[in-house]
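Scroll down for the structure; my scribbles are underneath it.
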Amino acid sequence: MVFTLFAAGGQVLRNAMQRSLTEKLGTTGATHVRFLYGLPFGLLFFGAAFYLMGQPMPRAQPGFWGWILLGACTQIVATALMLTAMRSKSFVMTTAYIKTEPVQVAVFAAIFLGDRLPLWIWVSVIVATVGVVMMSWQKAPVKQKRPITDGATSTSFDGAHTLPAKESGSGSAQAIAFGLGAAALFALAAVGFRGGVIHLGESHFWLRASLTLAIGLTIQTFILSTYLLIRDRQVLVKLVELWRPSLLGGFLGAFSSQMWYLAFALATVAQVRTLALVEIFFALIISKKLFAQGTSARELLGMALIAVGVAGVAWLS
């Protein structure tokens, strides 16, 4: 549980950092911050673990590379979708959409990894997910009784004026689609990386988690660097110019991933990801401090259900 809490806290800070870099680097560039600047820290974490554990290098079992590739590739796309959603939706609400992930994780892990969960874990996962859905539920569009001032304002059938097009309907639906799509891909990424950790033999769990992180970041850095080198070299130049904030984002990304993989080595991915719903509380704090975004009573009720679900997993695990 301790590893999960550290992972969730580090991930929220990293997401906030990436969100702030999106306007300068674009979605792909901000996505790459996590991998390019996280790789040196990932290698450092593995080197320290290898030295301190004093054990031989873990030996990959059949299937290891397939699991790592699944995790690496789906995480890249999931991160890009998440950052895209954050550009058109609030930070805390996008985090809530993504945290519909636990039920998907439980299903994928049962299918692909053979993880079997007791009934009370399923109940806790579902209760927490209901809380996420409550937080994510959209209010009906508010009609604005004000004069038409420009062509960006639309008129309803009863003569009431609605919000400008960019603030209503399609943009919100798109943000939800991106957020839920990111959740599904993050679920597959979690399953892939847990598959990688458990397919590294009988070495110490810390060493297995660190090696999985280092290899995953290497693959992701190669894929996105090659893509940008071919499609948009200017973004790579900007990544170098913005090395100071990017370095912090990379460290937070590598640190949170290290904590996730340590947790995956010790518990099922569904238990870890359900406990990780505490990330929404961290996101709420960050959104108030950095982005001045408020929270409604309905969202608070949703958070209460999330807390009950998380507590159920933590207490009964």
Side-chain angles (χ1 to χ4, degrees), residues 7-8 10-43 68-91 93-95 97-99 101 174-190 192-193 212-258 260-261 279 283 286 290-291:
Q11 182 162 288
V12 170
L13 291 172
R14 184 208 65 214
N15 289 347
M17 180 64 67
Q18 284 184 292
R19 181 187 193 270
S20 66
L21 289 170
T22 302
E23 296 300 324
K24 298 176 181 178
L25 295 171
T27 300
T28 305
T31 299
H32 199 23
V33 165
R34 172 180 186 174
F35 309 122
L36 179 65
Y37 285 94
L39 178 58
F41 294 106
L43 295 174
I68 288 292
L69 285 172
L70 172 66
C73 293
T74 52
Q75 192 177 62
I76 288 174
V77 181
T79 303
L81 288 177
M82 176 193 70
L83 292 175
T84 301
M86 283 181 177
R87 297 184 72 174
S88 56
K89 200 66 180 171
S90 78
F91 180 75
M93 291 306 295
T94 301
T95 301
Y97 296 145
I98 293 169
K99 290 308 165 184
E101 174 192 354
Q174 188 178 63
I176 295 172
F178 284 145
L180 295 179
L185 290 173
F186 275 128
L188 284 173
F193 285 125
T212 298
L213 172 64
I215 293 175
L217 286 173
T218 300
I219 293 172
Q220 291 164 324
T221 299
F222 174 77
I223 291 173
L224 271 184
S225 294
T226 301
Y227 173 81
L228 289 172
L229 192 62
I230 296 172
R231 297 294 300 273
D232 197 345
R233 296 185 182 183
Q234 188 60 34
V235 172
L236 287 176
V237 174
K238 290 181 180 178
L239 277 167
V240 174
E241 292 174 348
L242 295 172
W243 66 271
R244 288 185 179 177
S246 297
L247 195 64
L248 177 58
F251 168 75
L252 291 170
F255 173 78
S256 59
S257 293
Q258 176 77 40
W260 286 131
Y261 301 166
E279 182 181 337
I286 294 295
L290 297 185
F291 308 125

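- Atom CG of Leu36 is separated from atom CH2 of Trp243 by 13.5 Å, given to the nearest 0.5 angstrom.
- Counting heavy atoms from C-beta on, the side chains of Val235 and Thr28 never come closer than 4.5 Å.
- Put simply, the side chain of Thr221 gets close to the backbone of Phe35: a donor and an acceptor are under 3.5 Å apart.
- Among all heavy-atom pairs drawn from Gly42 and Ala214, the shortest one is O-CB, 4.1 Å.
- Once rounded to the nearest 0.5 Å, the distance linking CD1 of Ile230 with CG of Asp232 reads 12.0 Å.
- With rounding to the nearest 0.5 angstrom, the OG atom of Ser257 is 13.0 Å from the CZ atom of Phe41.
- Counting only heavy atoms from C-beta outward, the side chains of Leu247 and Arg244 never approach each other to under 4.5 Å.
- Of the options His32, Gln75, Arg34, a side chain to side chain donor-acceptor pair (under 3.5 Å) to Gln220 is made by Gln75 and by none of the others.
- Taking the side chain as every heavy atom from C-beta outward, Leu236 and Leu239 approach each other to under 4.5 Å.
- When all heavy atoms of Val240 and Tyr37 are compared, the closest pair comes out as CA-OH, 3.7 Å.
- Here the CG-CG distance, from Leu43 to Leu213, works out to 8.5 Å after rounding to the nearest 0.5 Å.
- Minimum heavy-atom separation, Gly216 to Ala72: O-CB, 4.3 Å.
- Contact detail for Ser256 and Gly10: the closest heavy-atom pair is CB-C, 3.9 Å.
- Of all heavy-atom pairs between Ala189 and Gly71, the closest is CB-O, 3.6 Å.
- Between Ala7 and Trp260 the shortest heavy-atom distance is CB-CD2, 3.5 Å.
- For the atom pair Leu81 CG and Phe186 CZ, the distance stands at 8.5 Å (nearest 0.5 Å).
- We find the CG-CG distance between Leu83 and Leu21 to be 9.5 Å, quoted to the nearest 0.5 Å.
- Among Ile76, Leu69, Thr218, the one residue that satisfies the side chain to side chain contact (heavy atoms under 4.5 Å, CB included) test with Ile223 is Ile76.
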